[in-house]
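Data first, discussion second: the structure below is written as structure tokens.
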Amino acid sequence: MIERIGTYIIFISLLTFVLVETNILTTGIIITIGLNVAMLLVVAQILAMLFGLTRSLRIFNKMEHSPLYSPVREGLIYSQKEDQEHV
Amino acid sequence: MRSRNRISKISLFLTILILFGILQYINFQSSPEKVIPEGAGETVWINTIIKIIVAMGVIGLFLITIAIHRKFTKREGFHDLPDYQVTKYSQIQHISEPTDVERLIERFSPLQITVHAVTGLSILTLYVTGIPLLYPEHLGWITDLIELSKNMFLHRLAGLGLLSAAIYYLIYSLLQITYVNKDFTKNIIPTLNDIKGAISDVLIILGKTATKYQSNKFNWLEKVDIWSVALFDGLIMCVTGIIIWAPWLFSSFIPNSYILSINVLHGGFAILSLCGILLHFYVVHLTPHRFPMDFSMFTGTVPLQEAEEEYPLWVKDISGDKS
């Protein structure tokens with residue numbers, strides 16, 4: 001759902017900047033919504049960045065504590081467990 | 001490995017030293033008797049040129065986003081997830097680590113991950129605290145929510161974060177090139193192959209047949225991304241930001257009217273930069289084959305299958321395949 005409407009959200013916010021910066025439309029509810037959507041996307045990116053960083057730090061921490069730790073191997077173990085539960 | 005660690009420590013030390021120097025200099029020069037000279041010529045024409053450049057840039061970025069979307073949708077099976085991504089998704093549902101049962105190869109070093117994280121968080125904080133000042137009528141609530149003084153403090157703090165990342169990576173790259181590896185930056189230098197890639201993509205967008213672009217470690221669009229962040233955010237925004245942060249430092253050779261033009265330039269290029277980052281957001285988050293996000297920038301690894309499809313020349317290079 002989001003990946004399908006997300007593209008259009010990006011287009012809307014970019015179009016808002018086009019309208020404002022070319023002085024075609026500088027006031028009104030459309031511009032307010034467009035600019036706020038752009039800021040919402042920025043906040044979403046901050047959250048995504050923090051989320052990604054938490055993951056990489058967790059992997060790094062596990063690797064520091066156990067040199068044999070491998071996220072790939074852990075993924076395999078989990079997927080095998082899941083398969084066994086389904087069986 | 002040892003020399004890499006040593007270089008990163010030296011770079012960190014030099015970065016802290018430079019930042020400390022800048023802050024001390026600003027502090028020493030901030031005496032109240034220093035007055036910025038008035039006038040010295042009209043700069044309306046400069047502001048007009050800046051506004052035209054920004055308007056053209058924004059239109060260009062909007063068109064590029066549409067073109068890239070068209071290119072992605074022309075791909076066979078655009079709305080279907082590739083096999084390696086299906087595997088990754090099914091695992092993400094059960095575990096918290098980004099994993100892949102396929103072979104993974106290292107694409108980004110821990111240093112690149114750190115610099116990307118610091119730069120990204122700084123730039124995004126700069127947008128949240130800076131863009132509302134350009135559109136107070138529409139986004140004034142953000143400044144009111146944070147309070148102007150705290151907003152400006154956060155803006156300058158994030159600015160220092162961006163500056164430190166830029167200085168650190170510059171020093172690190174220069175030391176690497178000088179003492180360890182002359183080819184350190186070869187992957188991000190634009191080549192003839194990238195121009196061919198851009199032409200090939202334009203032909204695909206226009207619906208014409210073109211030979212498939214064989215990308216190296218970074219494709220032409222990623223190189224544009226890297227260089228635009230380095231030049232616009234790392235250089236222009238940092239330099240103009242320092243000037244409007246402490247205009248009295250430059251009062252002896254920059255008149256007041258020009259400082260106001262630099263303010264316009266800073267704001268205008270911030271909008272351009274935001275539009276560029278929105279395009280980046282689209283490419284790494286919202287394309288169906290990467291949704292909800294591409295984790296390679298955080299784990300540093302990329303599935304071999306994905307690398308073979310997206311960066312065939314790089315895979316050949318690291319695997320020693322001469323064919």
Side-chain angles (χ1 to χ4, degrees), chain A residues 2-11 13-24 26-29 31-36 38-39 41-60 62 69-82 85, chain B residues 51 54-55 57-59 61-62 65-66 69 79 87-88 90-91 94-104 110 113 117 120-121 124-125 127-128 131-132 135 137-139 141-142 268 271-272 274-275 277-282 284-288 290-293 295 297-301:
Chain A
I2 298 170
E3 73 266 33
R4 298 215 189 276
I5 61 162
T7 311
Y8 302 103
I9 291 175
I10 298 266
F11 286 160
S13 46
L14 279 172
L15 187 65
T16 310
F17 283 111
V18 170
L19 292 173
V20 175
E21 292 307 313
T22 50
N23 282 337
I24 294 171
T26 52
T27 53
I29 189 76
I31 300 299
T32 306
I33 292 171
L35 290 174
N36 278 285
M39 296 316 288
L41 288 172
V42 171
V43 173
Q45 282 192 82
I46 292 178
L47 294 176
M49 189 73 104
L50 291 173
F51 180 62
L53 257 181
T54 317
R55 280 194 166 189
S56 58
L57 285 175
R58 210 161 39 183
I59 292 173
F60 181 71
K62 282 185 180 176
Y69 170 77
S70 152
V72 180
R73 198 158 49 84
E74 190 174 287
L76 269 171
I77 294 165
Y78 270 92
S79 58
Q80 281 167 1
K81 266 188 189 172
E82 283 292 321
E85 279 173 20
Chain B
K51 280 176 185 166
V54 171
V58 171
I59 293 170
L61 282 165
F62 180 59
T65 311
I66 293 173
H69 180 65
H79 293 294
T87 320
K88 211 191 278 183
S90 60
Q91 288 169 0
H94 308 304
I95 58 167
S96 55
E97 309 296 351
T99 61
D100 199 332
V101 290
E102 301 287 329
R103 278 181 63 199
L104 296 167
I113 294 170
L121 279 175
L124 294 168
T125 311
Y127 293 147
V128 173
I131 299 290
Y135 305 107
E137 191 187 333
H138 308 285
L139 299 170
W141 65 271
I142 299 175
I271 293 162
L272 265 185
L274 174 58
C275 291
I277 294 294
L278 287 175
L279 170 62
H280 182 68
F281 185 72
Y282 167 67
V284 297
H285 289 278
L286 292 172
T287 47
R290 290 222 170 112
F291 182 81
M293 66 189 278
F295 281 103
M297 197 63 240
F298 298 106
T299 57
T301 55

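Every chain is numbered from 1 and lettered A, B, ... according to where its sequence line falls, protein lines coming before strand lines.
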| query | For the residue pair A:Phe11 and B:Tyr282, does the interplanar ring angle fall in the parallel (under 30°), tilted (30 to 60°) or perpendicular (over 60°) class? | reply |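 Rings of A:Phe11 and B:Tyr282: tilted, as their planes differ by 30° to 60°.
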Can you see which heavy atom on [X] is nearest to which on [Y], and at what distance?
X        : Y        : result
B:Val128 : A:Val43  : CG2-CG2, 4.5 Å
A:Met39  : B:Pro132 : CE-CD, 4.2 Å
A:Glu21  : B:Ala55  : O-CB, 3.6 Å
A:Ala44  : B:Phe281 : CB-CZ, 4.4 Å

Separation between [atom1] of [X] and [atom2] of [Y], rounded to the nearest 0.5 Å:
X        : Y        : atom1 : atom2 : value
B:Thr65  : A:Leu14  : OG1   : CG    : 4.5 Å
A:Thr22  : B:Phe62  : OG1   : CZ    : 11.0 Å
B:Glu137 : A:Ile31  : CD    : CD1   : 10.0 Å
A:Leu50  : B:Leu124 : CG    : CG    : 9.5 Å

Does the side chain of [X] reach to within under 4.5 Å of the side chain of [Y], using non-hydrogen atoms?
X        : Y       : value
B:Leu61  : A:Phe17 : no
B:Leu121 : A:Ile46 : yes
B:Trp141 : A:Asn36 : yes

| query | Of all residues at least two apart in sequence or in a different chain, which pass the side chain to side chain donor-acceptor pair (under 3.5 Å) check with A:Gln45? | reply |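 A:Gln45 satisfies side chain to side chain donor-acceptor pair (under 3.5 Å) with no residue once adjacent residues are dropped.
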| task | List for me each residue that meets side chain to side chain donor-acceptor pair (under 3.5 Å) alongside A:Thr32, sequence neighbours excluded, and say none if there are none. | result |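 A:Thr32 satisfies side chain to side chain donor-acceptor pair (under 3.5 Å) with B:His138 once adjacent residues are dropped.
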| Non-hydrogen atoms of chain B under 4.5 Å away: do they reach the side chain of A:Ile33, the backbone, both or neither? | neither
| remark: Applying a strict 4.5 Å limit to non-hydrogen atoms, the region of A:Thr26 in contact with chain B is backbone
For [X], which atoms come within 4.5 Å of any heavy atom of chain A: side chain, backbone, both, or neither?
X        : value
B:Leu278 : both
B:Ile59  : both
B:Tyr127 : both
B:Ile277 : both

